[in-house]
Amino acid sequence: MLTHGNMLSNARVLKDYWGWVKGDVLLHVLPIFHVHGLFVASHGALLNGSRMIWFARFDPAAVVKRLPEASVFMGVPTLYVRLLAEAGFGREACRSMRLFIAGSAPLLIETFNEFRERSGHTILERYGMSETVMLTSNPYHAKDGERRGGTVGFPLPGVGLRVADDQGGLCPSGEIGGIEVKGPNVFKGYWRMPEKTAEEFTADGWFKTGDVGRIDADGYVTIVGRSKDLIISGGYNVYPAEIEGFINEMPGVAESALVGVPHPDFGEVGVAAIVARPGAALDGEAILATLKARIANFKVPKRVFVVADLPRNAMGKVQKNLLREQHKGLFAG
Ligand code: MCA
């Protein structure tokens, strides 16, 4: 439950922090059924009274053509990877641009560096969640510091951000722990889920993001991983338990595990390991086809492996880290 107050406070902070000016034009290419395209991008332009060039879907060649009419662009890392693959993308296409912003998934340092070389622009990476709208941002003005690749910058004005250890104590700077946040932007709870809401807040009212990270001595926040079992594919969240549930219901399936592995275009994609019931023969392609008919395409695993069993630890828990390790090179290059 996000209130108007949550969204307005965030939109005002971002308008100021990202230096929106009269005459800015937003090239809008993101889906508007998610916070990034709907709130972060649109609200910025609307609050600023700015024109938007509206794309129904992201088309890198068309973006390169329209960029010279725009000054602000926001995208998930996959969009930047695809722009760099366009031969016509470079300084000339970016001549009127003021700011490129990335978020929703980790931006690889290689993409950050290559983009700077090709376009002359340093991508500003920021961090947020649907539950909180935006939380941190690399600086816009040089006087506030450099835009540091691999980090998500500083907590935004009015946002509290702390790093907690497993016992609920606070980590000293540089140490890794769970990221917790507070501020006028933080949501009021999960709709009709009071228990889940209570679980995700600390006793003193901080929201546990589920992201794991650290704050450097000079204040930059870096996200190093997630404590929740979640795959971020091309900026979309994929919850393994949901997909495993669909697979496990299929005839002949005993159990399954979905893990995220690196992917050059989507950053990360889901790969499923599936175990058949005794005597059953499973066809991975048929399972994929069934899934495709039932769930959104981005949730469908990019590969399926039928295996004899899943790796487990002494407690019987599936060791997803071993599956990730085993399949991490599947889409290399
Ligand atoms: C499409 N496919 C995907 C994805 N998108 N698979 C995995 N992950 C994806 N993200 C499937 C397609 O259905 C297709 O399957 C195959 O992959 C190739 O599709 P392609 O033509 O390459 O896809 P596309 O239509 O060009 O879409 C790619 C995209 C899109 C433009 C990167 O995924 C996208 O718009 N992502 C942005 C998501 C976003 O806005 N997230 C913000 C969440 P097949 O071949 O079987 O048909 S808000 C958020 O995270 C917080 C608040 C924040 O901080 O911003």
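For this chain, numbers begin at 1 and follow the sequence in order. Everything quoted here is computed from the prediction, not taken from an experiment. Order of appearance sets the numbers: ligands from 1, and atoms from 1 within every ligand.
Among protein heavy atoms, the minimum distance from atom 15 (O) of ligand 1 is reached at Asn297 ND2, 3.9 Å. Ser104 OG, 3.6 Å is the protein heavy atom nearest to atom 49 (C) of ligand 1. For atom 48 (S) of ligand 1, the closest heavy atom belonging to the protein is His36 N, 3.6 Å. In this structure, atom 11 (C) of ligand 1 lies nearest to the protein heavy atom Lys302 NZ, 3.7 Å.
Shown in contact with Ser130 at under 4.0 Å from a heavy atom are these atoms of ligand 1, numbered in order with element: 52 (C). Residue contact check: Val35 has heavy atoms under 4.0 Å from atoms 48 (S), 52 (C) of ligand 1. Atoms of ligand 1 found under 4.0 Å from any heavy atom of Arg57 (numbered from 1 in listed order, with element): 25 (O), 26 (O). Applying the 4.0 Å criterion to heavy atoms of His34 picks out, from ligand 1, the atoms 42 (C), 43 (C), 48 (S).
Here the shortest heavy-atom distance to atom 31 (C) of ligand 1, taken over Val29, Leu79, Val76, Thr78, belongs to Leu79. Here atom 54 (O) of ligand 1 lies nearest to Arg126 when heavy atoms of Arg126, Met129, Glu131, Lys292 are compared. When Glu268, Arg82, His263 are checked for heavy-atom proximity to atom 23 (O) of ligand 1, Arg82 turns out nearest. Evaluated by nearest non-hydrogen atom to atom 19 (O) of ligand 1, the leading choice among Phe266, Tyr236, Phe39, Phe298 is Phe266.
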Worked verdict on Phe201 versus Lys208 for side chain to side chain contact (heavy atoms under 4.5 Å, CB included)
CA-CA 6 Å; Phe201 281 87; Lys208 298 185 257 183; 6.0 Å; no
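Checked by distance only, ligand 1 and Gly234 come closer than 3.5 Å through their nitrogen or oxygen atoms. Between Ser233 and ligand 1, a contact under 3.5 Å exists for at least one N or O pair.
Taking a 4.0 Å cut-off on heavy atoms, Pro31 registers as neighbouring ligand 1.
A side chain to side chain contact (heavy atoms under 4.5 Å, CB included) with Leu156 is found for exactly one of Leu14, Thr136, Val133, namely Leu14.
Heavy-atom contacts from other residues, nucleotides or ligands closer than 6.0 Å to NE2 of His141 number more than 12.
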